[in-house]
Structures are given as structure tokens and as C-alpha cells.
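Since the structure comes first, as C-alpha cells, the remarks are kept for the end.
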Amino acid sequence: MSSDQTKMQSATFPPGIGNVFGFASFNALSFQMIMGSPMVLYAKSLGASATVLGMIAGMMPLMTIFQLPAARYVANVGYKRFVLGGWTTRVVFIFIMALVPVTDVFLSPETRLALMLFLLFWFNLSRGISSCGWLPWITSLIPAAIRGKYLAREAAVVNLSAFLAMILSAACVGLGKDPRAGQFTAVFVISALAGVVSLAYLRRIPEGESPEQVRTSTTPVPWREIANHPPFRKLLRMNVAWGIAYGGISAFSVAFLKVSVGLAEGSILLLTSMTFLGGLCSLWLMGTRLDRFGSKPVLVAGCLGWLVILTGWVLIAGKLVAPHLWLILLLMFLMGLGASMINMANTRLAMAIIPVMGRNHFFALFSVVGSLVLGLAPMGWGLLIDAFRVLETEWHGFDLNRYAVFFLAAGAAFVVLIFFCRKLEEPEAGSMEALLRDFLDQTPLRITLRFWPRG
């Protein structure tokens, strides 16, 4: 048994970490109902264009830019107090947003959409500022040898809660078309109540310790030197490519099912729930593999999986394949699995290569760079979709339209992402071939090993 495996077996979660999973669970339930598919569908019911939907999808990651000025205050305030303050403010705004749909008796759809965008801005601003304390806090609590294990379990509880959020949302809006305003209010009220419960768990998470030098230092933050740290610089480049490739896929796949396929809101929410079942299965798929093989092979494997997923969407959008229910369910499932794999591996790699000193600022820059691109990309993709709104050209049986263009362009972005993933630096990372061999050998798919190239 290797020393790394011995460390993994001997390391255990510290006391109080169960509250982290409780917080993550109810926070995901709240977040998905206020910022996920239900909000996209509500905005679409008010006449939102693809560009506006891109703004909604990109607003949350864009607001993380405020982590940069906030990072210098986190250590002095304390991780728990800093995060708790921001999350409490966020819950207050959810309660206010829940009132917007019922103002339909005296406000026009355009005014309600503008009001919701205004509230979403302040909701995401409070989250963006306070979230800079989360990753340093968790990194200080979780032993290095089991961070992959922690991230896999967190992903499982988050995706299970998000799955329940979609089921509850579908139950609220019903399976018919054009749900009433009060039905969306019910969705947003449940989101607010789940947010209140998440705060109770957040208060019970143990406080983390930051280095004393960080708490007492008054020197200017060397952002340029931080960004030029070689392994970290390559990770930032990869995150930029990931943000461009992935940004907008979740929102615009929902819009595609509504606009082009013509599904009802409730049906779309039920289909979207499969995304989170896919994410939940990442716990079974990854298990301890993330700690044993490292992040780099998982990132490359995840990107290859996304190319398969986008091929499926291209075929449906191009009308070469009919939008069968089973096919959409499969694509949604794989989307959740692929996103969860990449997010876990990305976060774990950041935890591994970011030094202890300056941790708050490294994580702030890491979150801001990736999130800015994730915020800007949906807006860019939305502009692209609106620009090709009138495109309807048949080419050898392939219907080239705005959504087909979007899925094709996203696939090209994933090809570029694979290049950046292969350039990453990770000590003792395994190969993707070893990862796939282990996966195939430990699952019912091991029969395919008989056809694996030898030598």
C-alpha cells in the first residue's frame, strides 16, 4: 500500500463537518429554485430574449469580481462571520423576489422583468462578496489527503438537493403550459425557506484559522505575482477556457426545449432534474479516484464526455435526430455528470497547488477569473443566438439554425479546453488511461477491457 493510500485511509473528517454537508444541501435547494431553470422559465414567460437570459445566467458569476477587494478583510472579520453575513442578506432578497410574480395585477411583464433583474443584481452582489471566504474556510478545515473525498460527497448532496428542487418546482408550476404567477411565487418562497434552514447549518460549522501573517499584513496585495505563479497561471487559463465552453449551456438548453421543442415548463423542469441525478452519480463514479489519480485526467475525461453530449444536442437542434424523451433524459444526465466531474477536479486542483500563504487572495483570484468568464460567456452566447435568430438553412438534411450554431460553437470551445487541460501541472497525477482502466475494471463495463489496446 502506498503512503498516499495510507494517508487517505487514516485521515478522517474533523468534527462538525456534517454541518457543511447540511448547509450545502439546503443551500443548493434554495439556489436552484431561485437561480436555476425556474428563474429562466419565469423570465421567458415575461418575454425575455436570449440576451436577457444570458444576463441572468451570467450575473451570479460576474458578481464574484467583488471577491478581490473583499479578500483583504476576510481574515480580520473571520471566515464564518463573513460568509454568514452575505448569505443572510441573500436570503432576505429571495423573500423579496418571491413577491414579484404576484405584482402582475398592476405591473406589466416588462416592468416585472426589470424589477426581477434589479433584485437579482443585489442578491448576487451579496453572494459574490461573501463567497470569497468559503473556499479558504473549507480548505483550512479539510485535510489535504481527503479533499477529493469531501468534494465528491459535497457534490452528491448538492446534486440530490438540486434534483429535489426541480421536482418541487415542477410540482408547483404543473405540467401545463403558461403557469400562473402564483405558482412561481410558491417556487421562490420554498427557495427562501430552504435558505433560512441553510443558515442554521452554516452557524454550526467550525471556524477556520487563517495564517497569522495574513491577518496582520498591511502590504499591498501582489496580484501580478500571484497570477504569474506558474501552476496557478495554467489553472487560470484552463478556467477561462472552461467558462467560455460551459457558460450558457444549462440556460440555453432549457430555452431550446421551450422555444424549439415546445415543451411545457413543468416537463422541462422534470427533464432538468436528470442533470442533478447525473451529478449525484459522480460520487459513485469518482469515489476515491479523484484522490488516487489526481485532477488532470478527470478534467480531460470530462471534456471528452462533453464533446459527446454536445454532439447529441447538435443532432437534435439540426433535426437529424428527433427529440425523443429518452435521448433528452440521457443528455441531461450526462450534462450533470460531466459538469460535476470537472468542477470537483478543478476545485481539488486549486486546493492542491495554491500555497498556504496568500491563500485568501489566491482563491479570490481563482474564483473571480473563472466566474467572470462564466458570467460573460452566457451574455456572449445569448447575443450569438439572437444574432442568428432568423437563420434557417438546410444543408444536406441538416437544419442550420441559431441553436445548432450555438451547440456547434460550444463543442469547438471544448476542443480548445482539452488543450489547456493537458498543459496543467499536477504533482503525481495519474494518466487518463489508468483512470479509465480502473473505472472499467471496477464496474460492469469491465467486459470492454477485452477490447482495450494492449502493449
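For the single chain, residues carry numbers from 1 onward in sequence order. Because the structure is a prediction, the values reported are computed rather than measured.
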> Can you tell me how far OH of Tyr79 sits from OG of Ser130, rounded to the nearest 0.5 angstrom?
Replying inline: 14.5 Å

>> I need the Lys234 NZ to Leu349 CG distance, nearest 0.5 Å.
In response: 11.5 Å

> NZ of Lys258 to CG of Leu53: how many Å apart, nearest 0.5 Å?
Replying inline: 12.0 Å

> Taking side chain as C-beta onward, heavy atoms only, is Val83 less than 4.5 Å from Trp137?
Replying inline: yes

>> Please evaluate residues Asn159 and Ser340 with respect to the criterion side chain to side chain contact (heavy atoms under 4.5 Å, CB included), reporting the C-alpha separation (whole Å), side-chain torsions for both, the decisive distance (0.1 Å), and the verdict.
In response: CA-CA 9 Å; Asn159 282 284; Ser340 183; 3.9 Å; yes

> Should Thr347 and Met351 count as side-chain neighbours, where that means a heavy-atom distance under 4.5 Å?
Replying inline: yes

>> Ring centres under 6.0 Å, that's the criterion: do Trp381 and Phe406 meet it?
In response: yes

> Would you call Ile249 and Met335 a side-chain contact if the rule is heavy atoms closer than 4.5 Å?
Replying inline: yes

> Does Ile342 offer a backbone N or O that forms a donor-acceptor pair with the side chain of Asn346 under 3.5 Å?
Replying inline: no

>> Could you go through Arg90 and Ser126, starting from their C-alpha distance and side-chain angles, then the distance that decides it, and tell me whether this counts as side-chain hydrogen bond (donor to acceptor under 3.5 Å, both in side chains)?
In response: CA-CA 6 Å; Arg90 197 180 78 150; Ser126 61; over 6 Å; no

> Heavy atoms, side chains only, cut-off 4.5 Å: are Phe95 and Leu193 in contact?
Replying inline: yes

> Is any side-chain heavy atom of Met238 less than 4.5 Å from a side-chain heavy atom of Leu417?
Replying inline: yes

> Taking atom NZ of Lys296 and atom CZ of Arg422, what is their separation to the nearest 0.5 Å?
Replying inline: 7.5 Å

>> Before you tell me yes or no, could you show the steps for Leu120 and Met39 under side chain to side chain contact (heavy atoms under 4.5 Å, CB included), namely the whole-Å CA-CA distance, both residues' side-chain angles and the distance that decides it to 0.1 Å?
In response: CA-CA 10 Å; Leu120 284 171; Met39 181 58 72; 4.2 Å; yes

> Within the distance-only criterion (no hydrogens, no angle test), does the side chain of Thr275 pair as donor or acceptor with the backbone N or O of Thr272 below 3.5 angstrom?
Replying inline: yes

>> Before you tell me yes or no, could you show the steps for Tyr150 and Phe21 under ring-ring contact (aromatic ring centres under 6.0 Å, His included), namely the whole-Å CA-CA distance, both residues' side-chain angles and the distance that decides it to 0.1 Å?
In response: CA-CA 9 Å; Tyr150 158 75; Phe21 297 123; 5.7 Å; yes

> Taking the six-membered ring for Trp, is the centroid-to-centroid distance between Phe23 and Trp134 below 6.0 Å?
Replying inline: yes

> Do Asn27 side-chain atoms and Ser198 backbone N/O form a donor-acceptor pair below 3.5 Å?
Replying inline: no

> Where do Pro206 and Leu141 come nearest, in terms of heavy atoms and distance?
Replying inline: O-CD1, 3.7 Å

> Would you find a donor on one side and an acceptor on the other, under 3.5 Å apart, between the side chain of Arg204 and the backbone of Asn19?
Replying inline: no

> Are side-chain heavy atoms of Asn124 and Leu62 found at a separation under 4.5 Å?
Replying inline: no

>> Ignoring hydrogens, what is the shortest heavy-atom contact between Ser253 and Met332? Give both atom names and the distance.
In response: OG-CE, 4.3 Å

> Relative to each other, are the rings of His229 and Phe362 parallel, tilted or perpendicular (30° and 60° limits)?
Replying inline: perpendicular

>> For a 4.5 angstrom cut-off between non-hydrogen side-chain atoms, does Trp87 reach Ser131?
In response: yes

> Parallel under 30°, tilted from 30 to 60°, perpendicular over 60°: which one fits the rings of Tyr201 and Phe26?
Replying inline: parallel

>> Restricting to non-hydrogen atoms, name the atom on Arg402 and the atom on Val259 that form the minimum distance, rounded to 0.1 Å.
In response: NH2-CG1, 3.4 Å

> Aromatic ring centroids of Phe420 and Trp242 under 6.0 Å?
Replying inline: no

>> Under a 3.5 Å distance rule, please check whether Ser191 uses its side chain to pair with a backbone N or O of Val187 as donor and acceptor.
In response: no

>> Below 30° counts as parallel, above 60° as perpendicular, anything between as tilted: where do the rings of Trp306 and Phe414 land?
In response: parallel

>> Tell me the closest heavy-atom pair linking Met97 and Ile34, and the distance in Å.
In response: CE-CG1, 3.7 Å

>> Please evaluate residues Leu365 and Phe232 with respect to the criterion side chain to side chain contact (heavy atoms under 4.5 Å, CB included), reporting the C-alpha separation (whole Å), side-chain torsions for both, the decisive distance (0.1 Å), and the verdict.
In response: CA-CA 10 Å; Leu365 188 59; Phe232 187 63; 3.8 Å; yes

> Is a side-chain donor or acceptor of Ser45 paired with a backbone partner of Tyr42 at a separation under 3.5 angstrom?
Replying inline: yes

> Does Phe188 reach the side chain of Leu99, with side-chain heavy atoms less than 4.5 Å apart?
Replying inline: no

>> Using a strict threshold of under 4.0 Å (side-chain N to carboxylate O), is an ion pair present between Glu207 and Lys80?
In response: no

> How many angstroms lie between OG1 in Thr51 and CG in Leu383, if you round to the nearest 0.5 Å?
Replying inline: 4.0 Å

> Val100 and Leu119: which non-hydrogen atoms are nearest, and at how many Å?
Replying inline: CG2-CD1, 3.7 Å

> For the atom pair SG (Cys421) and CG (Leu235), what is the distance rounded to the nearest 0.5 Å?
Replying inline: 9.5 Å

> Hey, mind stepping through Phe333 and Cys281 against side chain to side chain contact (heavy atoms under 4.5 Å, CB included) and telling me if it holds?
Replying inline: CA-CA 9 Å; Phe333 178 86; Cys281 287; 3.6 Å; yes

>> Surrounding CZ of Arg81 (heavy atoms of other residues, nucleotides or ligands, distance under 6.0 Å), is the total greater than 12?
In response: no

>> Show the nearest heavy-atom pair for residues Val254 and Ile268, with the distance to one decimal.
In response: CG1-CG2, 3.8 Å

